[in-house]
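Right, one structure below, let's go through it.
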Number of protein chains: 2
Amino acid sequence: MTVDEILHQYDLKNTGCRKFILTELLQSNAALSEEEIKKPFPELFDRVTFYRTLKTLEERGVIHRIVLHDNTVKYALNGHHPDQNPLHAHFHCGKCDEVLCLQGKTRFDAELPADFVSHEVFVVIEGLCAGCNHLS
Amino acid sequence: MTVDEILHQYDLKNTGCRKFILTELLQSNAALSEEEIKKPFPELFDRVTFYRTLKTLEERGVIHRIVLHDNTVKYALNGHHPDQNPLHAHFHCGKCDEVLCLQGKTRFDAELPADFVSHEVFVVIEGLCAGCNHLS
DNA sequence: GCTATATTTGCAACATTGTTGCATTTGAAA
DNA sequence: TTTCAAATGCAACAATGTTGCAAATATAGC
């Protein structure tokens with residue numbers, strides 16, 4: 001799946017900022033913060049353009065936001081197929097700060113109070129990744 | 001459990017801002033945002049004092065932060081006994097914005113990649129509470 | 001390839017929240 | 001009552017979120 005194909009599939013114009021963001025996310029298998037995405041060319045696009053482009057990509061379902069417990073935000077591409085799974089689980093390494101999506105492979109149950117309805121469940125696992133775990 | 005008892009138990013000075021915040025949290029069975037805590041007396045304490053007091057109370061283990069998927073933060077008292085449970089689950093009503101702690105009553109499993117270690121798990125369930133569910 | 005048009009972008013400006021330093025005030029122990 | 005570490009208020013700054021508007025640009029139709 002190329003960047004151009006993704007943009008076409010979601011009926012989005014092929015603009016510089018979108019191509020840049022999607023290219024960075026495609027190259028990385030970890031989720032990236034706005035700052036991490038910008039890193040190779042910090043001044044290439046205006047702050048506001050970046051902000052609005054990320055918002056658009058999220059609203060159209062191309063990417064999703066991951067909010068960590070320290071209040072920082074990372075972004076990752078959605079799966080190619082529209083994601084029907086209401087359980088969004090991510091792993092955050094407290095040492096190297098890397099964030100991974102845990103697709104499937106997770107299970108969550110909750111007894112909610114009577115008449116409560118659950119729409120989506122967001123899970124963040126804080127811990128150490130394999131690399132950082134070995135170093136310690 | 002009174003505010004004074006809590007402060008004494010955690011070996012914290014009995015100051016105005018601390019008493020105010022803990023009183024508000026004790027009265028509410030929902031988690032509260034900084035703004036919601038301040039609501040009755042918005043100008044009673046300086047913004048910075050409020051910020052630092054919340055930080056102190058969190059560091060000392062009196063309260064805990066809940067980071068929602070929309071990036072907002074709420075605060076709630078910890079249980080009286082030091083919380084050893086690494087699973088922190090909360091419910092957020094998307095309509096009335098109320099946040100509840102789900103103590104126990106939740107179960108989470110994840111197959112992490114090899115050699116990954118989990119320390120804490122933060123869960124936020126987005127949905128509708130009983131009241132808002134009935135109205136819709 | 002050219003034109004028209006809706007969309008995207010950059011800039012300025014402002015809002016909100018997080019954060020630090022420092023001088024003053026205050027809680028509580030002696 | 002005195003003393004001192006701790007808490008508070010103020011000023012200031014940083015980071016992030018957000019809006020309005022004019023200029024630039026992607027693409028659909030000719």
Side-chain angles (χ1 to χ4, degrees), chain A residues 2-25 31-39 41-75 97 99, chain B residues 2-25 31-39 41-75 97 99:
Chain A
T2 68
V3 167
D4 287 355
E5 283 167 356
I6 294 174
L7 288 173
H8 184 259
Q9 176 185 331
Y10 284 90
D11 201 30
L12 287 165
K13 279 191 190 174
N14 196 345
T15 67
C17 192
R18 288 175 187 166
K19 279 193 285 188
F20 179 73
I21 291 174
L22 292 181
T23 301
E24 293 297 316
L25 290 178
L32 300 176
S33 66
E34 180 172 338
E35 201 185 355
E36 288 165 343
I37 298 173
K38 276 181 178 164
K39 203 170 195 177
F41 302 95
E43 304 298 326
L44 189 52
F45 297 99
D46 188 78
R47 208 170 67 83
V48 178
T49 300
F50 230 87
Y51 163 75
R52 281 196 270 227
T53 302
L54 287 169
K55 205 174 169 186
T56 301
L57 291 174
E58 192 199 352
E59 285 166 357
R60 296 300 200 86
V62 187
I63 65 176
H64 61 277
R65 265 157 36 94
I66 302 152
V67 180
L68 303 179
H69 188 246
D70 66 1
N71 233 343
T72 59
V73 177
K74 301 235 184 188
Y75 297 89
D97 199 41
V99 171
Chain B
T2 69
V3 167
D4 288 355
E5 285 167 356
I6 293 174
L7 287 172
H8 184 258
Q9 176 186 330
Y10 283 91
D11 201 30
L12 287 165
K13 280 192 190 172
N14 196 346
T15 67
C17 192
R18 287 174 187 165
K19 279 193 284 187
F20 179 73
I21 290 174
L22 292 181
T23 302
E24 293 296 317
L25 289 178
L32 300 177
S33 66
E34 180 173 338
E35 200 186 356
E36 287 166 343
I37 298 173
K38 276 180 178 167
K39 204 168 193 177
F41 302 96
E43 305 297 326
L44 189 52
F45 297 99
D46 187 79
R47 208 170 68 82
V48 176
T49 300
F50 230 87
Y51 162 75
R52 281 195 270 227
T53 303
L54 287 169
K55 204 174 169 186
T56 301
L57 291 174
E58 191 199 352
E59 285 166 358
R60 295 301 200 86
V62 187
I63 63 177
H64 62 278
R65 267 158 34 95
I66 302 154
V67 180
L68 302 179
H69 187 247
D70 66 1
N71 232 342
T72 59
V73 177
K74 302 236 182 186
Y75 298 89
D97 199 44
V99 171

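Within every chain, numbering begins at 1; the chains are lettered A, B, ... in the order of the sequence lines, protein sequences first and strands thereafter. Note that this is a predicted model, so its numbers are computed, not measured.
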Checklist line | Student check: side-chain heavy atoms of A:L32 and A:K39 closer than 4.5 Å | finding: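 SC-SC contact between A:L32 and A:K39 ruled out.
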
Margin query: Counting C-beta onward and ignoring hydrogens, is there a side-chain heavy-atom pair between A:I63 and A:L22 closer than 4.5 Å?
Written below: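 A:I63 reaches A:L22 side chain to side chain.
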
Provide, to the nearest angstrom, the distance between the [atom1] atom belonging to [X] and the [atom2] atom belonging to [N].
| X | N | atom1 | atom2 | result |
| --- | --- | --- | --- | --- |
| B:K19 | D:dA7 | NZ | P | 14 Å |
| A:D70 | C:dT17 | CG | P | 18 Å |
| B:R47 | C:dT16 | CZ | P | 11 Å |
| A:E34 | D:dT18 | CD | P | 12 Å |
| B:K55 | D:dA6 | NZ | P | 16 Å |
| B:L54 | D:dT8 | CG | C1' | 14 Å |
| B:Y51 | D:dG9 | OH | P | 16 Å |
| A:E58 | D:dT18 | CD | C1' | 15 Å |

Please tell me which of the listed nucleotides, [options], lies nearest to the side chain of [X]?
| X | options | value |
| --- | --- | --- |
| A:R18 | C:dT7, C:dT19, D:dC10 | C:dT7 |
| A:V48 | C:dC11, C:dT8, C:dG18 | C:dC11 |
| B:N14 | C:dG27, C:dG18, D:dT8 | C:dG27 |
| B:T49 | D:dG9, D:dA6, C:dG10 | D:dG9 |

Margin query: Determine whether a donor-acceptor pair (one donor, one acceptor, N or O, separation below 3.5 Å) exists between the side chain of A:R65 and the base of D:dG17.
Written below: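 No pair found.
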
Margin query: Between D:dG9 and B:R52, counting only base atoms on the nucleotide and side-chain atoms on the residue, is there a donor-acceptor pair under 3.5 Å?
Written below: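 Under the 3.5 Å cut-off, the side chain and the base do form a donor-acceptor pair.
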
Notebook entry, point to check: Under the side-chain contact (heavy atoms from CB on, under 4.5 Å) criterion, do B:Y75 and B:L57 qualify, and how do the steps go?
Noted result: CA-CA 10 Å; B:Y75 298 89; B:L57 291 174; over 6 Å; no

Check: Among B:E58, B:E35, B:E36, which residue meets the salt bridge (charged side-chain N to carboxylate O under 4.0 Å, His left out) test with B:K74?
Finding: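 Among B:E58, B:E35, B:E36, the one meeting salt bridge (charged side-chain N to carboxylate O under 4.0 Å, His left out) with B:K74 is B:E36.
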
Notebook entry, point to check: Going by atom types alone, do B:T2 and B:D4 pair a side-chain donor with an acceptor below 3.5 Å?
Noted result: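 The answer is no; no qualifying pair exists.
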
Notebook entry, point to check: Base, sugar-phosphate alone, or nothing: which one does A:T15 contact when heavy atoms must sit under 4.0 Å apart?
Noted result: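 Sugar-phosphate only.
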
Margin query: Regarding A:T56, tell me which of base, sugar-phosphate or nothing describes its non-hydrogen contacts under 4.0 Å with the strands shown.
Written below: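 No contact.
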
